[in-house]
Trainee: 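I'd like to ask some things about the structure below.
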Amino acid sequence: MDLQAFNQRILPVQGRLFRLAQMFLRNREEAEDAIQDVLLRLWTNRQQLESYHSIEALAVQMTKNLCLDRLKSHHKQKMQNDADVTSVQAAELSPHRQLENSDSASLIHKLIGELPEQHKLVLHLRDVEEYSFEEIEQVTGLNNANIRTVLSRARQKLRENYLKANNYESGY
């Protein structure tokens, strides 16, 4: 694929890719960076693009995956920052309460990690990122009823596993 063909086939979808990235990342600068990365990857692999049925679908999938990767890395960084803030706040709590809070947080993170990917994604987008159901619908391709069902099941499974772990640990 030469430059002219690339410009004709890829650049018209750049606005759509940007809106998708901005919806995921909630930050204009980060969305612009993500789109630049996607366009660079597409250009670097331009010789293989002809083998794809829909280059636009490939570009959308690449954008989605890159944004999810960035959200994961931001989430890990945010969790580390939150842990720093929590440790400062925890200094005001008793050692027993500090340990209890730390154990609960670790257990919740472990239990979320055990959920199916779709449940983790919907739970994260709704409860952490505070996306609307319409935005989650655009990202996941699920309809509103399915999103609500997945979210309910994810929360219920998380609640059950948390209670089961706590009951088991207390000997009940």
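This one's a predicted model, so the numbers in the text were calculated from it and none came from an experiment.
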Trainee: Out of curiosity, D127 CG to I112 CD1, how far, rounded to the nearest 0.5 Å?
Mentor: 8.5 Å

Trainee: Could you walk me through whether M23 and R19 pass the side-chain contact (heavy atoms from CB on, under 4.5 Å) test, one step at a time?
Mentor: CA-CA 6 Å; M23 183 182 66; R19 287 187 298 278; over 6 Å; no

Trainee: Please determine whether side-chain contact (heavy atoms from CB on, under 4.5 Å) holds for the pair L115 and K157, giving the CA-CA distance in whole Å, both sets of side-chain angles, and the decisive distance to 0.1 Å.
Mentor: CA-CA 8 Å; L115 291 173; K157 186 73 169 169; 3.9 Å; yes

Trainee: With no hydrogens and no angle check, is any side-chain donor or acceptor of N143 less than 3.5 Å from a backbone partner on N146?
Mentor: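 Indeed, once roles are kept as given, a pair shorter than 3.5 Å links the two residues.
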
Trainee: Is there a side-chain contact between V13 and I55 in this structure, where contact means two heavy atoms from C-beta onward sitting under 4.5 Å apart?
Mentor: no

Trainee: Do E160 and Q156 have side-chain N/O donor and acceptor atoms under 3.5 Å apart?
Mentor: yes

Trainee: Looking at residues at least two apart in the chain, or sitting in another chain, which of them share a side-chain hydrogen bond (donor to acceptor under 3.5 Å, both in side chains) with Y162?
Mentor: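 In terms of side-chain hydrogen bond (donor to acceptor under 3.5 Å, both in side chains), with neighbours along the sequence ignored, Y162 is linked to S104, N166.
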
Trainee: So do the side chains of E137 and I147 get within less than 4.5 Å of each other, counting heavy atoms only?
Mentor: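 Yes; the side chains approach each other to less than 4.5 Å.
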
Trainee: Using side-chain hydrogen bond (donor to acceptor under 3.5 Å, both in side chains) as the criterion, list what pairs up with D37, not counting sequence neighbours.
Mentor: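 With neighbours one apart ignored, the set is R70.
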
Trainee: To the nearest 0.5 angstrom, please state how far the CG atom of L151 sits from the CG atom of L142.
Mentor: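 Here the rounded value is 11.5 Å.
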
Trainee: I need the T63 OG1 to F18 CZ distance, nearest 0.5 Å.
Mentor: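 If we round to the nearest 0.5 Å, T63:OG1 and F18:CZ are 11.5 Å apart.
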
Trainee: Report the residues that fulfil side-chain hydrogen bond (donor to acceptor under 3.5 Å, both in side chains) with R148, sequence neighbours left out, ordered by chain and then residue number.
Mentor: N144

Trainee: Are more than 12 heavy atoms, taken from residues, nucleotides or ligands other than Q47, located less than 6.0 Å from that residue's CD atom?
Mentor: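 Result for CD/Q47: enclosed.
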
Trainee: To the nearest 0.5 Å, how far apart are CG in L49 and CD1 in I10?
Mentor: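 Reported to 0.5 Å precision, the distance equals 5.5 Å.
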
Trainee: Are L58 and M62 close enough that some pair of their side-chain heavy atoms sits under 4.5 Å apart?
Mentor: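 A side-chain contact exists here, since the closest heavy-atom pair is under 4.5 Å.
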
Trainee: In Å and rounded to the nearest 0.5 Å, what is the CD1 to CG distance from I35 to L40?
Mentor: 12.5 Å

Trainee: Say you draw a straight line from CG of N167 to CG of L163; how long is it, rounded to the nearest 0.5 Å?
Mentor: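 One finds 6.0 Å between CG of N167 and CG of L163.
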
Trainee: For residues I108 and L158, report the shortest heavy-atom separation together with the two atoms involved.
Mentor: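 Looking at all heavy atoms of both residues, the closest pair is O-CD1, 4.3 Å.
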
Trainee: Taking all non-hydrogen atoms of both residues, which atom of W43 and which atom of R46 are closest, and how far apart?
Mentor: O-NH1, 2.8 Å

Trainee: Please name all residues satisfying side-chain hydrogen bond (donor to acceptor under 3.5 Å, both in side chains) with R153, sequence neighbours left out, ordered by chain then number.
Mentor: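 If we apply the side-chain hydrogen bond (donor to acceptor under 3.5 Å, both in side chains) test to R153, skipping adjacent residues, there are no hits.
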
Trainee: May I have all residue pairs that pass salt bridge (Lys or Arg N to Asp or Glu O under 4.0 Å) and include part of residues 47-59, sequence neighbours excluded?
Mentor: R9-E50, R16-E56

Trainee: If I compare all heavy atoms of A59 with all of V38, which pair ends up nearest, and what's the gap?
Mentor: O-CG1, 4.2 Å

Trainee: Between A34 and A21, what is the shortest heavy-atom contact and its length?
Mentor: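 Of all heavy-atom pairs spanning A34 and A21, the closest is CB-CB, 4.4 Å.
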
Trainee: Does anything in residues 105-114 pair up under salt bridge (Lys or Arg N to Asp or Glu O under 4.0 Å), and if so which pairs, sequence neighbours excluded?
Mentor: K110-E114

